[in-house]
There are 2 protein chains.
Amino acid sequence: MQNEGEFLAGYDPAAYPSMAVTVDVVALTIRDGRLCVLLVERAEHPFAGRRALPGGFVREEALDVAAMRELEEETGVQLERVHLEQLKTYGNPGRDPRMRVFSVAYLAFAPSLPEPESGSDASGAYWVPVEEATGLAFDHDAILADGLDRARSKIEYTPLATAFAGDEFTISELRQIYAAVWGEELHAGNFHRKVLSVPGFVESTGETAARGGERGGPKPKLYRAGDARLLHPALLRPTREDDVR
Amino acid sequence: MQNEGEFLAGYDPAAYPSMAVTVDVVALTIRDGRLCVLLVERAEHPFAGRRALPGGFVREEALDVAAMRELEEETGVQLERVHLEQLKTYGNPGRDPRMRVFSVAYLAFAPSLPEPESGSDASGAYWVPVEEATGLAFDHDAILADGLDRARSKIEYTPLATAFAGDEFTISELRQIYAAVWGEELHAGNFHRKVLSVPGFVESTGETAARGGERGGPKPKLYRAGDARLLHPALLRPTREDDVR
DNA sequence: TAGGTTCTTCTCAGATCGAGTATTACTCAG
DNA sequence: CTGAGTAATACTCGATCTGAGAAGAACCTA
């Protein structure tokens, strides 16, 4: 882990506090049918030039306030419909070569957002498909993996997949969100039946989309998120024998 | 926007209030058919004389090592079969009147342990039925509530209920564990069918208990925990409409 | 020995599941 | 404008899972 020799050589631990608390955010969204995570390019040592999860030090504020602040700073967007929940805290000695750093990781589900402009002063943040988000700084690979696990199981029994969609969406769009997060296709007819049969998952707007799909098909009906907080019954992933043992 | 490196370079420890990181443990067990939590009586200010979750400062060690250490110090027992998992981190400013304290809470599932002797130098820890564990120090009431939520849902889709049992147990004992954690009775026949039908949940020892129940009934067969890490299908709680919305 | 208790296995109807089919409405290429 | 292909939605079917209850045998205490 401590491959930044020059940096560490000039670093005097005694001059600084021996520990710090940060937040790191695993912010997920769906772009072009792919599950993407928000990454930043690190300018400073350690891990200069490497990609990392957005994050920073916690100020005199609550933890979730710090997480939301970091997320808004990186995306440059006021986030209203974003879902944010605490994921896990990482504090192994040595995970940061400078000092003992405890990082409280958060998981965010965001509807598709504009790419942060690289020219703007906002930040050097950008969305990356999760399969391509490897080799991150610190232990952020592990944090991302934990976030993906959480996201994939959370949409099974909560309506949080709707947090990836706009205010109004079609059943088909919702199905594509599940497909993107789980990385596998779903049976359209069964998914349709299931979503409509779960009380409070979605509610009809009474409207239909302005036009059908790009390659044909009727105009789908529009729905918005319902008031359920849990899905009963749950929308389970196709059984994966491997994960069971 | 500044990243961690820039922040650290200009960081003056004297300009900021001191902070600390602690672990607190929600240790659960079943005693006499009741779900109990391990509490300690605080000797020092703040909250002197109040009950609290066992916990303490994190040393130069991993977080889960700190949690296990605290738990062993309080129970005075070497814990081998205990399940320990991270619960959530609490860091609201003001949750500790002395300074900013971030507490990483852990959740432990323990088989029934002997009551720590109050005469011993081990500690002033004791098991308390969860319904009676109110008015705790700091924000420990909220931490305990979160731990109970987690435990109640975790035994639905993982075999962790077996962590409350001994090495060998009967289906009936397992059912009483579920009943104690969920706070409701379960249909014995259906529970029996369900447990045996989930692959890897339990495996037969081939033995039967030395004697039947205290008030009659045949000698039940003995089982031990199987190798499953997830229950497929899950053992869902009777639907609670209230919790859904 | 009698009566009550518990373990374990069945039964049965209703809900849910995955897989497939059918119908209709739409888009696009030519 | 038309025909081919695609997608939204509804429906069918058999397999599986569910909760509720019943039954029989084993076992305890009185």
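Protein chains get the first letters and strands the later ones, always in sequence-line order, with residue 1 at the start of each. Computed from a predicted model, the values in this text were never measured in an experiment.
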Verify, without hydrogens or angle tests, whether B:R175 (side chain) and B:H192 (backbone) share a donor-acceptor contact under 3.5 angstrom.
no
Could you check which of D:dA10, D:dA8, D:dT18 has an atom nearest any side-chain atom of A:P220?
D:dA8
Whole Å only: how far is the CG atom of B:L174 from the P atom of C:dC7?
12 Å
For the aromatic rings, using the six-membered ring if either is Trp, is the centroid distance between B:F191 and B:Y178 under 6.0 Å?
yes
Are any side-chain N or O atoms of B:H140 and backbone N or O atoms of B:I143, one a donor and one an acceptor, separated by less than 3.5 Å?
no
5'-most contact on DNA chain C: A:S197 or A:A210, nearest heavy atom basis?
A:S197
Quick one: label B:S172 by what it contacts on the DNA or RNA (base, sugar-phosphate, nothing), any heavy atom closer than 4.0 Å.
sugar-phosphate
Measure the distance from CG on A:N190 to P on D:dA15 and round it to the nearest whole Å.
16 Å
With nearest nucleotide decided by heavy atoms, which residue, B:G213 or A:P218, maps closer to the 5′ end of DNA chain D?
A:P218
Is there a side-chain contact between A:L160 and A:F164, using heavy atoms and a 4.5 Å cut-off?
no
Could you state the CD-C1' distance from B:E185 to D:dG21, rounded to the nearest angstrom?
17 Å
What does A:R211 touch in the nucleic acid at a heavy-atom separation under 4.0 angstrom: a base, only the sugar-phosphate, or nothing?
sugar-phosphate
With respect to the side chain of B:I171, which nucleotide from D:dT9, D:dG21, C:dT8 is positioned closest?
C:dT8
Counting only side-chain N and O atoms of A:R215, is one of them less than 4.0 Å from OP1 or OP2 of D:dA7?
yes
Nearest of C:dT8, D:dA10, D:dT12 to any side-chain atom of A:K221?
D:dA10
Phosphate oxygens OP1/OP2 of D:dA20: is one of them under 4.0 Å from a side-chain N or O of B:H187?
no
Just call it for A:G217: base, sugar-phosphate, or nothing, with non-hydrogen atoms closer than 4.0 Å on any strand.
base
For the side chain of A:H192, starting at C-beta, report the closest nucleotide among C:dA25, C:dT6, D:dA10.
D:dA10
When the distance from CZ of A:F191 to P of C:dT16 is rounded to whole Å, what number comes out?
17 Å
Can a side-chain donor-acceptor contact be found between B:R193 and B:N190 if the only test is distance below 3.5 angstrom?
yes
Please state how far atom CD in A:E214 lies from atom C1' in D:dG5, giving the value in whole angstrom units.
15 Å
Protein-nucleotide distance (B:K219, atom NZ; C:dT8, atom P), rounded to Å
13 Å
Is A:R175 close enough to D:dT9 that one of its side-chain N or O atoms is under 4.0 Å from OP1 or OP2 there?
no
What is the distance from CG of A:L186 to P of D:dA8, rounded to the nearest Å?
13 Å
So which nucleotide from D:dT9, C:dC7, D:dA20 ends up closest to the side chain of B:R193?
D:dA20
